[in-house]
Amino acid sequence: MRIHTYEKLWLVGSMVLIVGFIVTITYGSVGLGISMIDDEDENVAPTELNDDERFGEPRVEQVGDDEYAAYVVAQTFVFQPDPIEVPANSEVTFHVTSRDVIHGFYVPGTNLNAMAIPGQVAEMSVEFDEPGEYGLICHEYCGSAHHDMEGLIVAQSENEFDLTDLSVEAPDEVAPGETIELTATVENGQFEPLETTVDAELGNETFQQNVTVDGESSENVTFTSESDTLGEGEHDWSVSVEDYEETGSVEIEGNESAEGDES
Ligand code: CUA
């Protein structure tokens, strides 16, 4: 069979185009690492978010050596947590759901873009190459203050980022002669042990104690002071560790005078 030269050219040309299309589409869907939002087996009832171990306390958690998970709840008209602090140069997987209506989860200028649908969990992984602040907006109409619904993702450098938390237990008032105990609980949410210093002040006394908190655990540090030394009245206290500080005050009751006033 004889094929005309021009016809051969057209045949070859269309073959090249067809192969070109297939290569382009394959590269676009696999090669660029862009994936569709994954919600396989990921469901959570919006009414049970408070009891859910992932979303009860929206937070960032370490899940691998350089891997973190961020559990984010969208609701009219905020994102929780706010801000969302994540480490730069680590893989962060966002798990996003909604407590009420459909919201959007979009970081302008990036492909971090999902719908937050009540009942479903959207998942997407990203790595922030540079520390910095990234605005987060809701881009699905969700009600009267939709245009104000925004959040913030803060990608922090390795030195800056931590999953440390401080809580303090202290009495509101003590009787004269009693010992005052300030108990600081230092939580370390990261895998690496945390070596740090707890500073405390009570009245005009100051305390300092070094503490090492193993990965994913917490340590208590207790400071004591005698109410007789401090004297009657209200005394401010503060406890700090790293960038965290808790403050309060304790009242040392008057001796007989208080009872006398009441009668
Ligand atoms: Cu939430 Cu729009």
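Ligands are counted one by one from 1 in listed order, and the atoms in each one are counted from 1 as well. This chain uses plain numbering: 1 for the first residue, then up along the sequence.
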Heavy-atom nearest pair, Phe55 first then Val72, reads CE2-O, 3.6 Å
Which label fits Phe161 and Tyr68: parallel for a plane angle under 30°, tilted from 30 to 60°, or perpendicular past 60°?
perpendicular
His146 ND1 to Cys138 SG via atom 2 (Cu) of ligand 1, rounded to 10°, gives 120°
Below 4.5 Å, heavy atoms only, C-beta onward: do Pro176 and Glu232 meet side chain to side chain?
no
The SG(Cys142)-atom 1 (Cu) of ligand 1-ND1(His103) angle, to 10°, is 100°
Indicate if the distance from atom 1 (Cu) of ligand 1 to the nearest N, O or S atom of Tyr141 falls below 2.8 Å. no
message: Does the plane of the ring in Phe223 sit parallel, tilted or perpendicular to the ring in Phe207? Use 30° and 60° as the thresholds.
response: tilted
Here the N/O/S atom of Glu140 closest to atom 2 (Cu) of ligand 1 would be O
